[in-house]
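First the structure, in the form of C-alpha cells, and then the observations on it.
On a predicted model such as this, the values are computed, not experimentally measured, just so you know.
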Amino acid sequence: LLSYSTSLNPPSYHFLNIRILKSMNTLQNKICLVTGGTRGIGRAIAEMLLQEGALVVVCGRDTAGVNQAVSEMGVHWPGKVRGKAADVKDHEAVGALFEFVDREFGGLDVLVNNASTFYPTPLSELNLAQWDDLMGSNLRAPLFLSQAAAPHLVRTRGAIVNIVDVHAERPLAKFVVYSVAKAGLQMLTYAMAREMGPEVRVNGVAPGAVLRPDDMDIQTWDQAIYERIPLRRGGHPADVAACVLYLATTGGYVNGQVIAVDGGRNLGF
C-alpha cells in the first residue's frame, strides 16, 4: 500500500497511504479478549486497546480482581469492558469463557494470550505439580484458547498475539520449567501462524525487564539487569502494550514473528 516516491510535490502519496493504512486497521468496536488482563502487562494491554476504541473482555483467575479491574476501567470506558473469572488451564472454563465473550459482544477479532504463572523451579527441587502448573498456564492454555478462538477469528480475519518472554531463547537461571514453557509458546506462535493463515495472523511479543519481581529489591534489580541492557533502563507495561497494538492493527503484513521489547537486552545478556 505504501508509495516510496521521493517526489516533494503534493500530494504526498507516501503519507496519504499511511493514513489509509491506519484507517483500514482501526480497533473501533473490534472485540478483544485479554487473558491475565486485570493487572500488570495484561491490564496495560487492555487499557490501550480500550483507548483505541475496542470492546474488551478481560479474564483473570480471581473474581474479586476481575470485578475491580472492570469497575476501574469502566469509569473511563463505560460499556466497553467486560470481565470473566476463569482458570485458563481448565478446558471447560475455556469453553465457558468464549461463550461469555460471544454473549456479551457477539464475536472476536483479537485474542491476547497474556495469562502466565512465574516462579522459580531449581532443577534439584522441581516437582510434577510445578511442571503441570507452569506448562499449563504458559503453553497449554494459549494453545487451547487459540483453538477455541479460531472459528471466531477466521470469520473476522482476526489476530492472535502471544506474550512470550526473552527467556524463551535464553533460559533464566533456576526457572527451568518457565523458560521451557515460554520456548514452547514461541514455537507455538510460529506453528499457528503457518497453519492459521491466511485468515488469522499470529504473532508474539517478548518482554524483557518490564516488571521487577516482588522478591527483588531495586538495587539488586539495577545491578543484575539494567547494566546488561543497552538502553540502561527497564521498560514499562505500556511499551509491551504498544507493540501488541501495532500487531493487532497496522502490522497487517506481520505474521509469525516474536518481537522483543527489551531495550536491546537480547543482543548480549
Side-chain angles (χ1 to χ4, degrees), residues 1 20-37 42 45-60 66 70 73 77 79-86 88-115 139-164 185 187-205 241 243-259:
L1 287 174
I20 293 173
L21 184 63
K22 287 182 177 179
S23 68
M24 290 172 60
N25 290 282
T26 177
L27 278 182
Q28 192 66 38
N29 293 324
K30 294 293 181 69
I31 302 158
C32 305
L33 170 61
V34 183
T35 67
I45 293 169
E47 292 186 351
M48 189 163 287
L49 297 176
L50 285 163
Q51 184 175 314
E52 294 299 314
L55 306 172
V56 176
V57 175
V58 294
C59 170
V66 170
V70 170
M73 287 187 280
W77 299 282
K80 296 281 189 176
V81 58
R82 302 285 191 274
K84 175 70 172 175
V88 293
K89 300 191 303 296
D90 183 334
H91 200 65
E92 291 186 3
V94 168
L97 174 61
F98 282 96
E99 289 176 4
F100 175 83
V101 175
D102 198 46
R103 184 168 64 251
E104 292 295 314
F105 288 134
L108 187 67
D109 296 279
V110 179
L111 168 64
V112 181
N113 284 313
N114 169 74
L139 181 54
R140 190 180 74 226
L143 169 59
F144 288 105
L145 282 158
S146 299
Q147 182 191 54
H152 303 278
L153 297 175
V154 166
R155 285 195 296 271
T156 60
R157 300 190 74 86
I160 296 172
V161 183
N162 295 322
I163 306 303
V164 189
L185 182 58
M187 180 52 68
L188 178 64
T189 302
Y190 300 149
M192 290 198 305
R194 186 160 194 171
E195 183 161 339
M196 299 179 78
E199 294 87 359
V200 181
R201 293 184 303 109
V202 185
N203 291 289
V205 179
C243 191
V244 172
L245 178 63
Y246 164 72
L247 291 172
T249 55
T250 54
Y253 198 57
V254 180
N255 190 37
Q257 303 300 310
V258 176
I259 302 175

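Annotation: Glu195, atom CD; neighbour count of heavy atoms from other residues, nucleotides and ligands within 6.0 Å does not exceed 12.
Annotation: side chain to side chain donor-acceptor pair (under 3.5 Å) contacts involving residues 148-159, sequence neighbours excluded, comprise His152-Arg155.
Once rounded to the nearest 0.5 Å, the distance linking CD of Glu47 with CH2 of Trp77 reads 4.5 Å. If you take CG on Leu49 and CE on Met73, they are separated by 10.5 Å, rounding to the nearest 0.5 Å. The CZ atom of Arg140 sits 13.5 Å away from atom CG of Leu185, with the distance rounded to the nearest 0.5 Å. Rounding to the nearest 0.5 Å places CD1 of Ile31 at 10.5 Å from CG of Leu153.
Counting only distance, with no hydrogens or angles, the side chain of Asn203 and the backbone of Gly256 share a donor-acceptor pair below 3.5 Å.
Listed here is the closest heavy atom pair of Val34 and Ile45: CG2-CG2, 4.2 Å. When every heavy atom of Asn255 is checked against every heavy atom of Arg201, the shortest pair comes out as OD1-CA, 3.3 Å. Closest of all the heavy-atom pairs between Pro151 and Ala148 is CD-O, 3.4 Å. Contact between Val58 and Ala46 at its shortest, heavy atoms only, is CG1-CB, 3.7 Å. Here the shortest heavy-atom pairing between Ala149 and Leu111 reads CB-CD2, 3.9 Å.
The shortest distance between side-chain heavy atoms of Met196 and Ile160 falls below 4.5 Å. Using a 4.5 Å heavy-atom threshold, the side chains of Val254 and Tyr246 count as touching. By the 4.5 Å heavy-atom criterion applied to side chains, Leu143 and Leu139 are not counted as neighbours. With contacts defined as side-chain heavy-atom distances shorter than 4.5 Å, the pair Val112/Cys32 does not qualify. Side-chain contact check for Glu52 versus Leu245: some heavy-atom pair is nearer than 4.5 Å.
Considering only residues two or more places apart in sequence or on other chains, Asn162 meets the side chain to side chain donor-acceptor pair (under 3.5 Å) condition with Asn113, Thr189. Evaluation of the side chain to side chain donor-acceptor pair (under 3.5 Å) rule for Lys80 yields Asn29 as partners, not counting sequence neighbours. Annotation: salt bridge (charged side-chain N to carboxylate O under 4.0 Å, His left out) contacts of Lys89 (sequence neighbours excluded): Asp87, Asp133. Annotation: side-chain contact (heavy atoms from CB on, under 4.5 Å) contacts of Val88 (sequence neighbours excluded): Thr35, Cys59, Ala115, Ala141, Leu145.
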Test Ile163 against Val244 for side-chain contact (heavy atoms from CB on, under 4.5 Å), laying out the working first.
CA-CA 9 Å; Ile163 306 303; Val244 172; 3.8 Å; yes
Under the side-chain contact (heavy atoms from CB on, under 4.5 Å) rule, what do Thr249 and Lys30 come out as? Steps first, then yes or no, please.
CA-CA 10 Å; Thr249 55; Lys30 294 293 181 69; over 6 Å; no
Donor-acceptor list for residues 98-108 side chains, cut-off 3.5 Å, not counting sequence neighbours:
from   : atom 1 : to     : atom 2 : distance (Å)
Asp102 : OD1    : Gly107 : N      : 3.3
Glu104 : OE1    : Arg82  : NE     : 2.7

